[in-house]
Amino acid sequence: MLYYKHGPESDPFAFIYTNPGWLRDYDPPRDFPFWVNTEPTNICNLDCIFCSRQMIGPNLGRMDFPLMKKVTDEVAERGGSIRMAGWGEPLLHPEIIDHVAYIKQQGVSLKIYTNGLLLTEAQMRAFVDAGLDELQFSMQGLNAEQYHFNRKKGNYEALREKINLAHDVRGASKRPFLSILTSALKSEFEAADPQAFIDEWAPLVDKVAVDFTNLNFVGHMDRVKPHLDDHAMDLVHVPCVDIFLAIEVAWNGDISMCGQDATHHPEHVLGNVSDMTLHEAWHSAKMNQHREDVGRHTRHDQKAVCKNCYPNTLKYEGFKAEVAS
């Protein structure tokens, strides 16, 4: 489900979502991805039942300014956009304001995914001043009870206060665009109404999206096993479109073809920005072979991470249908 307060055209990334190539494969691939997904840090303040970062281990860190600058400069030159997310909480980065300011100074469209709990008034004012395009609050479940089950160490009421803060500080400004993304299990959809969730949050944000939670990536963990039959999505592999749309850069500069791989399996790592450009990685033989395997075929079961990956969102299908019609 996808709700817009002021229509899809109000989305700062509508220019991507309405592109004729969005959600489609490319043969040959686009010259450069729509999105470069960067990871300011893989350190997080939460412990979420569904999240693959619990498999990361001790290799934790933060993206330094020179690395962020190098990535940003290439994205600016090639005409891409940046999403800050990864396997940690971006607002934990002590220089996040400086990073945002530099990216926007280069004219790059920027979206930040955050669990929201660490947002400060100073950060929000800086984001408004910098012209951050979108601040998306990542949630789980359709009410407070479901949120707390999924997000250990989370606080639903504290999050509400932070989203209120973002709404109030932004005031009459149009940027950053404020959005909420949540996902739910089958039992959670049965116990709560997604429309009620949208109605609850619509006064404070510009967009609300509801997806399906995928537990398969962490299905081997004891606390997850009892819930593996609770998926609301169909566990059927389909050709991957993400492989034609985006590329990933971890906090340490590793370039990966897949944002679902928290462990940086060698199968997915293409190189490092210290010795490879994003353009080179995007057009590498390894990336193209992966496009063939899971983008044009469904050889997911042959892949360490892809075997657990299933389509868990319908929120942009409307754009695809509109373009195709």
Side-chain angles (χ1 to χ4, degrees), residues 1-19 22-23 34-35 50 81 83-85 109-117 119 124 127-128 132-147 150-151 154 156-157 159-214 231-234 241-242 245 311-325:
M1 297 180 66
L2 183 61
Y3 161 84
Y4 279 105
K5 183 181 294 183
H6 301 295
E9 65 278 3
S10 66
D11 194 308
F13 296 99
F15 71 95
I16 292 179
Y17 305 141
T18 58
N19 186 289
W22 178 245
L23 297 185
F34 285 112
W35 292 106
F50 58 88
S81 298
R83 289 187 292 205
M84 284 185 175
S109 296
L110 173 63
K111 175 176 184 173
I112 296 178
Y113 288 96
T114 174
N115 63 50
L117 293 171
L119 182 66
M124 190 63 199
F127 294 159
V128 172
L132 172 66
D133 297 277
E134 181 174 356
L135 184 64
Q136 181 164 86
F137 295 94
S138 174
M139 300 179 66
Q140 224 67 34
L142 300 171
N143 56 35
E145 180 182 2
Q146 294 176 2
Y147 172 88
N150 286 284
R151 301 213 152 191
Y156 198 78
E157 288 308 314
L159 177 58
R160 186 187 303 279
E161 292 176 5
K162 296 298 186 178
I163 296 177
N164 263 303
L165 168 70
H167 173 270
D168 292 346
V169 170
R170 187 188 68 169
S173 301
K174 293 184 178 180
R175 295 291 180 269
F177 188 81
L178 300 177
S179 62
I180 287 175
L181 171 64
T182 196
S183 71
L185 296 166
K186 181 172 61 176
S187 62
E188 293 172 334
F189 279 111
E190 293 170 351
D193 180 8
Q195 187 59 52
F197 176 86
I198 292 173
D199 294 343
E200 176 183 0
W201 292 102
L204 294 177
V205 299
D206 305 296
K207 178 173 73 171
V208 183
V210 181
D211 285 346
F212 309 123
T213 301
N214 185 357
H231 289 116
M233 61 196 183
D234 293 328
V241 293
D242 287 345
L245 308 177
N312 70 334
T313 180
L314 300 174
K315 63 179 181 285
Y316 294 115
E317 287 296 316
F319 291 110
K320 182 178 179 181
E322 181 179 324
V323 172
S325 57

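From a predicted model like this one, the values you see are computed outputs, not experimental measurements.
When the side chain to side chain donor-acceptor pair (under 3.5 Å) test is applied to Arg83, the partners found at least two apart in sequence or on another chain are Asn37. Among residues two or more places apart in sequence or in another chain, the salt bridge (charged side-chain N to carboxylate O under 4.0 Å, His left out) test is passed with Glu200 by Arg160. For Trp201, the side chain to side chain donor-acceptor pair (under 3.5 Å) test picks out Tyr156, with sequence neighbours left out. With sequence neighbours excluded, no residue forms a side chain to side chain donor-acceptor pair (under 3.5 Å) with Thr182. Residues forming a side-chain contact (heavy atoms from CB on, under 4.5 Å) with Ala192 (at least two apart in sequence, or on another chain): Leu142, Asn143, Gln146. Shown here are the ring pair (Phe, Tyr, Trp, His ring centres under 6.0 Å) partners of Tyr3, two or more places apart in sequence or in another chain: there are none. Partners of Phe15 under the side-chain contact (heavy atoms from CB on, under 4.5 Å) rule, at least two apart in sequence or in another chain, are Phe13, Ser81, Ser109. Shown here are the ring pair (Phe, Tyr, Trp, His ring centres under 6.0 Å) partners of Phe34, two or more places apart in sequence or in another chain: Trp22. Residues satisfying the ring pair (Phe, Tyr, Trp, His ring centres under 6.0 Å) test with Phe177, not counting sequence neighbours, are none.
Interatomic distance, Ser138 OG to Leu117 CG, rounded to the nearest 0.5 Å: 10.0 Å. Rounding to the nearest 0.5 Å gives a distance of 11.5 Å between CD1 of Ile112 and CD of Gln136. Atom-to-atom distance recorded for Thr18:OG1 and Glu9:CD is 10.5 Å, nearest 0.5 angstrom. To the nearest 0.5 Å, atom CG of residue Leu159 and atom CE of residue Met139 are 5.0 Å apart.
Put simply, the side chain of Leu181 reaches to within 4.5 Å of the side chain of Asp211, judged on heavy atoms. Between Leu119 and Phe127 the shortest side-chain heavy-atom distance falls below 4.5 Å. A 4.5 Å side-chain heavy-atom check between Leu245 and Leu23 finds at least one atom pair inside the cut-off. Residues Met1 and Phe197 form no side-chain contact, since every pair of their non-hydrogen atoms from C-beta on lies 4.5 Å or further apart. Between Leu178 and Ile163 the shortest side-chain heavy-atom distance does not fall below 4.5 Å. Counting only heavy atoms from C-beta outward, the side chains of Ser183 and Met233 never approach each other to under 4.5 Å. Looking only at side-chain heavy atoms (C-beta outward), Arg175 and Leu132 stay at 4.5 Å or farther from each other.
Each salt bridge (Lys or Arg N to Asp or Glu O under 4.0 Å) pair with one or both residues in residues 132-143, not counting sequence neighbours, appears once here: Lys104-Asp133, Lys111-Glu134, Glu134-Lys207. Listed by first then second residue, pairs satisfying side-chain hydrogen bond (donor to acceptor under 3.5 Å, both in side chains) with a partner in residues 161-172 read Arg170-Asp206, not counting sequence neighbours. The side-chain hydrogen bond (donor to acceptor under 3.5 Å, both in side chains) analysis of residues 185-199, with sequence neighbours excluded, yields the pairs Asn150-Glu188, Ser187-Asp230, Gln195-Asp199.
Pro176 and Val128 make their closest contact through CD-CG2, 3.8 Å (heavy atoms, listed as atom of the first residue, atom of the second, distance).
With a 6.0 Å radius and a threshold of 12 heavy atoms from other residues, nucleotides or ligands, Lys5 has its NZ atom above the threshold.
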